Each structure stands twice: as structure tokens, then as C-alpha cells.
2 protein chains.
Amino acid sequence: MTDTAERRGMRADAARNRRLLLDTAAAAFAEHGMEVSIAQIAARAGIGKGTVFRHFPTKQRLAAAILSDQLDRLAAAGTALLDAADPEAALVEFMTIGVELQIRDRSFCQAATTDVRADPEVRAAGDHLTEVAEALTDRARRHGAVRADVVGYDIVLLLGAAAQAAAPLREAVPDLWRRYLGLIFDGMRPEGARPLPHPTPTDAQRAAAGRSPTGR
Amino acid sequence: MTDTAERRGMRADAARNRRLLLDTAAAAFAEHGMEVSIAQIAARAGIGKGTVFRHFPTKQRLAAAILSDQLDRLAAAGTALLDAADPEAALVEFMTIGVELQIRDRSFCQAATTDVRADPEVRAAGDHLTEVAEALTDRARRHGAVRADVVGYDIVLLLGAAAQAAAPLREAVPDLWRRYLGLIFDGMRPEGARPLPHPTPTDAQRAAAGRSPTGR
DNA sequence: ACCTGAACACCGTTCAAGT
DNA sequence: ACCTGAACACCGTTCAAGT
């Protein structure tokens, strides 16, 4: 979807700059988090500061374009896993990819916390990702690997949970997230499951996710 | 511990300003997150901008003072729960208070992600909190409510996990965190527990938490 | 059409001048 | 000792001038 925008009557240099910018910014955000300045990114890409804002009217929308790309990639990986022989292993693999993605990218958690989540592009990618997660969860549930009251939307939220638990030790213990993903997955299994104290969000509630009250 | 600093030969107006500043900043951070400006906080407290930096040399240290206060409060609540009759209910209650605290305070997650975590005051409060969590977990484990391979430090990290899962829907579904805390607690129980793929962090690894590589 | 850097508003932080 | 606001460096964003 990012590609289509590049193919519309865009001049060759503009298309090149846009791609260069996305790649450079993605690398910078992943390494240093979203606090890297636009000036730094522009310099690293070898283009003018103003050019960044010509392609993305705001820093948040640049971050949104990158985040939605990553969500799309995760959704694609999940879709491929729908054909896997073992439904439980497929769901575990999907979550593994998702958590690893967040751990490797310093900006992922930050972007998910802010208004970037409200961006239409991110929203669409998130909706699609949720559908894929739903399909994977359905298969795993029918296979007896997942409790009856857990749905795909829960899975997507729990990706952030496992990543967050391990985040403070990201540098010292890069694989720690596997511990908490394992523990959370044990909680998702039917064995020993107790009724959950709160239902999963309705569609209407999901639609309200990420909108800040003040709009600041 | 914040109080002791106020009692040392501090002038009356300074002590008053310091307290006013902490309260005002805590409220502002909780409501709007750490992106509220120092100027706004100073204005709301009715003191000069420069005075803020006289009390706290940096915005991060102001945030650290507030965060460590909250960690102390949670540790105190946990200590009180060590006398509770039901060890499982006590641990659940401890985690409930901890997650609720994070959901109510917009700056909590943000501060935990950044260098604020490396602040000595925050570190000390976190160490104490971990000890309390350890004691609560030991009791619950002996009572058969918690699996053998989960320790107090895991509990502290999992507080952030449950909060993070529910964070995007904070406004729309304020109690959603109860769902994910319930699911995580199910994962902590002995029933259906599978070996975790990664050990809990060692003391040395814990000590490295939150230090950024670049020091930026 | 697109690129660019100077210009603007805002924010964290410093500091000289006040009491 | 402590308070204060003007001054500084930096950052996101805008825009007039270039090709």
C-alpha cells in the first residue's frame, strides 16, 4: 500500500527520496526510538529537512507509515502460517514473530502508546492483523490449544504485553521475552483456565482505541 | 524518603514549593503523560519556571521522584498484604493495585520505558518493591497458587505487561486490564504449566535494566 | 513537481539579577 | 538561600525562493 502511492504519477526523484526516507527513518526509529530528530534522519538520508515534510506532513505520519508497514508484514507472516500443519505451533510462531518485532524496534511500543495508533493507515493495518490473528486463534482453539474465551483481538494486545514485560532488559537479556510469552501462552491454554473477570472489547470499543481525550 | 530531603535545612518557602511542585507535576503527568511542558506545570503551581529546575535539575529527575514515590506506595501496600489470611488473594490484590496504578497514570509506562528507570531513586524503590513481591510470591507458591518457576521479579515485570495490553483501550474500557491480569495469573498457576523457555534474569542482569546503550 | 534551507514557535535548561 | 524571567540551544513545522 505504500508502494501504490509511489507509483502514482510521482517523479522519479520523489519516489526515490520517499523510499530512501522510509528506510532510513525505519532504521533510525528502530535503533534509537522515536526521539531521533527529523534533521538527523534527513541528514542520514542525504536530503533536505523540508523534503521530509513534503512527503509526510508530520513526524507522526512518518512513524505511522513505518508502523503500518510492519503490521502488514506481521499479518503476511500470519497468513502464511494458516497453512501450517500444527495449529498450536502456528499461533506460537505468529506471536513469536510479533513480539520479536517489537523488541527489536525501539519505536514500536512508543508509537503504539501515542496518537500514531489513531492514524487511518495504522488502523487499517491493525484491523487486518486482527483478522489474521482471529483465524489463527480459531484454528488453535478447535485444536484444543487455546481456551474458549480468548479471541484474536486478545492475541494482538498480548503481543504488546509480552514485549513490555521484557523491554527494560532488552539490552542485557535480548531473549527474555520468550519467558513471558511462554507464561502468557500457558495462561491462554484450556488447562486450569478460570473465568476471566472482564469480556473482550466489543467492535465499538475497539474502534475507539488510541483516541486521546484532549486530542493534544 | 522524599520527606527527609524536605526536612534538611530547607527554607519554609522552598519546602512548600517543592511539595506543591511534586503534587502538581504528579497530577499533570498522570493526566496528560510526560509530554506536558515544565512551563505548564510551573504555571499551574504558580511558581517560576526556573524554580522547577532549582528543585529538580532535569525533567527526568522530577519524573523519577514522582515514580519512585508511587513505587514506594505500592511496596507499602504489598507489605501490608503479607499479613493477609489468603496468600493467593494477597498476591492478586498486590498485582491489582500495581496494574491499576499504571493504568491511571499516563506517565507511568512512559517513564518506565525511558532513562527514568536508571535513576538511583527509582532503582532503589524498584529493588525494595521486588523484595516485597518476592515475599508475597513465596507465600503464594507455598500455598500452591503459583508455579515453582515464577519469582517476585517476574511479578513486577508482569505488572507492566497487563497494563500495556489494556493501555490502548484505557479510555473506552477502563477495566479491561482485569481481563489480561486474570489471563496472566492463570499462566502463573501450577496447573498446566509447561517449562518456560528462558530463565528469570540474574541479579547482575537485573542491575543492567534500563541503561541505554548510547546514554543519549 | 519537487527540493531546499532560512525563519518561526515551542520546549528544556542555564544564569544573571533580584529578595 | 531561594526565586524569577530573560536568554540559549534544539526541535517540529512552514514557506518563499530556487530547479
Side-chain angles (χ1 to χ4, degrees), chain A residues 5-22 24-25 28-29 32-67 106-107 110-111 114-116 118-119 212 214-216, chain B residues 5-22 24-25 28-29 32-66 107 110-111 114-116 118-119 212 214-216:
Chain A
E6 279 170 52
R7 278 183 204 125
R8 293 207 292 161
M10 228 184 196
R11 243 167 54 180
D13 56 346
R16 201 175 345 108
N17 276 341
R18 190 190 147 91
R19 177 105 307 268
L20 188 62
L21 187 54
L22 277 171
T24 309
F29 283 160
H32 303 293
M34 244 173 44
E35 65 263 26
V36 277
S37 72
I38 293 288
Q40 281 174 292
I41 294 172
R44 200 149 131 181
I47 63 183
K49 209 168 46 161
T51 309
V52 178
F53 289 95
R54 160 156 263 271
H55 285 282
F56 302 95
T58 186
K59 190 183 186 182
Q60 299 232 345
R61 282 188 59 105
L62 171 59
I66 292 168
L67 179 58
R106 255 188 128 84
S107 72
Q110 297 176 344
T114 65
D115 300 319
V116 175
D119 182 276
S212 60
T214 54
R216 213 200 91 94
Chain B
E6 280 169 51
R7 277 184 205 125
R8 292 207 293 162
M10 229 183 194
R11 241 168 52 179
D13 56 345
R16 200 174 346 109
N17 276 342
R18 191 190 147 91
R19 177 106 305 267
L20 188 63
L21 187 55
L22 276 172
T24 309
F29 283 161
H32 303 293
M34 244 173 45
E35 64 264 26
V36 278
S37 71
I38 292 288
Q40 281 174 291
I41 293 172
R44 202 149 130 180
I47 62 182
K49 211 168 47 162
T51 309
V52 178
F53 289 95
R54 158 157 264 270
H55 285 281
F56 302 96
T58 187
K59 190 182 185 181
Q60 299 232 345
R61 282 190 57 107
L62 171 58
I66 292 169
S107 72
Q110 297 176 345
T114 65
D115 299 319
V116 175
D119 182 276
S212 61
T214 53
R216 211 202 92 91

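All values derive from a computational prediction rather than experimental measurement. Chain A is the first sequence line, chain B the second, and so forth, proteins listed ahead of strands; every chain is numbered from 1.
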| Contact under 4.0 Å: B:N17 side-chain N or O vs D:dC3 OP1/OP2 | yes
| query | Under a cut-off of 3.5 Å for both distances of each Watson-Crick or G-U pair, what dot-bracket string does DNA chain C give, using [ ] for crossing pairs and | for inter-strand pairs? | reply | ||.|||||...|||||.||
| note | Closest to the 5' end of DNA chain D, once A:S37 and B:G46 are matched to their nearest nucleotides, is B:G46
Side-chain donor-acceptor contacts of residues 44-57 of chain A below 3.5 Å, not counting sequence neighbours, with atom names and distances?
none

| note | Interatomic distance, CZ@A:R16 vs CE@A:M10, rounded to 0.5 Å, equals 12.0 Å
| Minimum heavy-atom distance A:V116-A:A64, with the two atoms named | CG1-CA, 3.7 Å
| task | Ignoring the backbone of A:I47, work out which of D:dT14, C:dT13, C:dT4 is nearest its side chain. | result | C:dT4
Measure all distances between protein nitrogen or oxygen atoms and nitrogen or oxygen atoms of nucleotides 17-19 of chain D, and list the pairs falling under 3.5 Å.
none

| request: Measure the CD1-CG distance between B:I41 and B:L22 for me, rounded to the nearest 0.5 Å. | output: 10.5 Å
| task | With sequence neighbours excluded, tell me which residues meet side chain to side chain donor-acceptor pair (under 3.5 Å) with B:Q110. | result | B:E35
| remark: What one should report as the nearest heavy-atom pair of A:V36 and A:H32 is CG1-CB, 3.4 Å
| note | Heavy atoms of A:K59 and A:I38 approach each other most closely as CG-CD1, 3.8 Å
| said: For the CG atom of A:L62 and the CZ atom of A:R18, what is their distance to the nearest 0.5 Å? | reply: 9.5 Å
| query | Partners of B:T58 by side chain to side chain donor-acceptor pair (under 3.5 Å), sequence neighbours excluded? | reply | none
| said: Any residue in residues 54-63 of chain A with a heavy atom nearer than 4.0 angstrom to DNA chain C? Just list them by number, or reply none. | reply: A:R54, A:H55
Produce the list of close N/O pairs, under 3.5 Å, pairing protein atoms with atoms of nucleotides 6-10 of chain D; give distances to one decimal.
none

| field | B:F53 side-chain proximity, nearest of D:dT13, C:dT13, C:dC2 | value | C:dT13
| request: Supply the atom-to-atom distance A:R19 CZ to A:L21 CG, rounded to the nearest 0.5 angstrom. | output: 10.0 Å
| What's the spacing between A:Q60 CD and A:L67 CG if we round to 0.5 Å? | 11.5 Å
| message | Nearest whole Å is fine: how far is C:dC3 P from A:L21 CG? | response | 10 Å
| request: Between D:dC3, D:dG12, C:dC3, spot the one nearest the side chain of A:I38, thanks. | output: D:dG12
| Listed nucleotide nearest any side-chain atom of A:M10, set C:dT4, D:dT4, C:dC2 | C:dC2
| Looking at A:M34 and A:F29, what are the two nearest heavy atoms and their distance? | CA-CD2, 3.8 Å
